[in-house]
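Numbering of ligands and ligand atoms starts at 1, following listing order. In this text, all values refer to a predicted model and were calculated from it rather than measured experimentally.
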Amino acid sequence: MRKSPPHGPKPAPAAANPRRALILGGTREARDLARLAARRPEVDAVLSLAGRTAAPLETELPTRIGGFGGVEGLSRYLAENRFDCVLDATHPFAARISANARAACAALSLPLATLARAPWRAQEGDDWIVVEDNAEAVAALGEAPRRVFLTIGRLGVAAFRRAPQHDYLIRSIEPPDASELPRRAEVVLARGPFALADEIALMRARGIEVVVSKNSGGPLTYAKIEAARALQIPVVMVAPPAGEGVAVVESLDAAINFLVGGAA
Ligand code: NAP
């Protein structure tokens, strides 16, 4: 596990008894929250990243990087570092760490809240095939060869090796493992946000016939969905996993309120 010092402008001076908060991150929202939390003397927060991206963007909070070692490791980390609460600001599809946070916080009786993005909803003109996971997404592409824009992140691409008849344009922040790529795949590396005009131009230029996306919600990657609508291209949409009864905060203000000790 690596530890990095706080970056950027100096955080606010600590209050007498600041609340120790662990923010589970890896999202734009978590970074925005880290910036706000760094300015609140009532909170002594640490941001935790999985370490999936080799060069994560800098934040203004002390940041720890790497897995904890399951529920047990997370529980130990929370207890040893005397955390008072946990805010789960991970991606809606990061189901394992969220489940671990639920179990660890229940065991330690620590308050836990999830900073949730509302999922995208299909609207007039959208042609979505909603599926539960990547395996179902593969099946939904069908037997006939198609030009597929695969935008589910690098970790899920291996599932599509089972459908080698398609041509894949794969977009991810960092390159997928070469051994996990489907046979006919081109990789473009990019980090959102993406502009609608660029998404339309890219899909037109590559003759894309179907988009595969996670229903991640939020504005940063929504342009591909709007582009598919504009071009009348179907979207195979992987539904987010269920949250299971954790308190939800829906805005950065509500998240800060939770961190300083308010109700979620
Ligand atoms: P995951 O399947 O839920 O987690 C896998 C393991 O990674 C966890 O068991 C945990 O390891 C470690 N981990 C995950 N998030 C962590 C965090 N914030 N701090 C410390 N350890 C963490 O997660 P994932 O889908 O691989 O996503 C990994 C990270 O990328 C998350 O932080 C998420 O916010 C971000 N992300 C994910 C997606 C996506 O589509 N899944 C998209 C954008 C960003 P231990 O069990 O060893 O503690």
**Student:** Where the closest heavy atom to atom 14 (C) of ligand 1 is concerned, which of L49, L24, I97, D88 has it?
**Tutor:** I97
**Student:** Show which atoms of ligand 1 fall inside a sub-4.0 Å distance from at least one heavy-atom site of K214.
**Tutor:** 39 (C), 40 (O), 41 (N)
**Student:** Atom 29 (C) of ligand 1: which protein heavy atom is closest, and how many Å away?
**Tutor:** A50 CB, 3.8 Å
**Student:** Is there a polar contact, in the sense of an N or O pair closer than 3.5 Å, between T27 and ligand 1?
**Tutor:** no
**Student:** Could you check atom 32 (O) of ligand 1 against the protein and tell me its nearest heavy-atom contact, residue, atom and distance included?
**Tutor:** G25 O, 2.8 Å
**Student:** Which bit of R64 is near ligand 1, meaning a heavy atom under 4.0 Å away: side chain, backbone, both or neither?
**Tutor:** side chain
**Student:** Ligand 1 versus R52, non-hydrogen atoms closer than 4.0 Å: side chain, backbone, both, neither?
**Tutor:** side chain
**Student:** Report yes if L155 has an N/O atom closer than 3.5 Å to an N/O atom of ligand 1; otherwise report no.
**Tutor:** no
**Student:** Which residue and atom name correspond to the protein heavy atom nearest atom 46 (O) of ligand 1, and how close is it?
**Tutor:** G70 N, 3.0 Å
**Student:** Could you identify the single nearest non-hydrogen protein atom to atom 44 (C) of ligand 1 and state the distance to 0.1 Å?
**Tutor:** G26 O, 3.2 Å
**Student:** Check each heavy atom of S98 against ligand 1 and say whether those closer than 4.0 Å belong to the side chain, the backbone, both or neither.
**Tutor:** neither
**Student:** Below 4.0 Å from ligand 1: does a non-hydrogen atom of S216 turn up there or not?
**Tutor:** no
**Student:** Is there a heavy atom of G73 sitting under 4.0 angstrom from any atom of ligand 1?
**Tutor:** no
**Student:** Please state which protein non-hydrogen atom is closest to atom 36 (N) of ligand 1 and give its distance, to 0.1 Å?
**Tutor:** H91 CB, 3.5 Å
**Student:** Quick one: nearest non-hydrogen protein atom to atom 20 (C) of ligand 1, plus distance?
**Tutor:** S48 OG, 3.1 Å
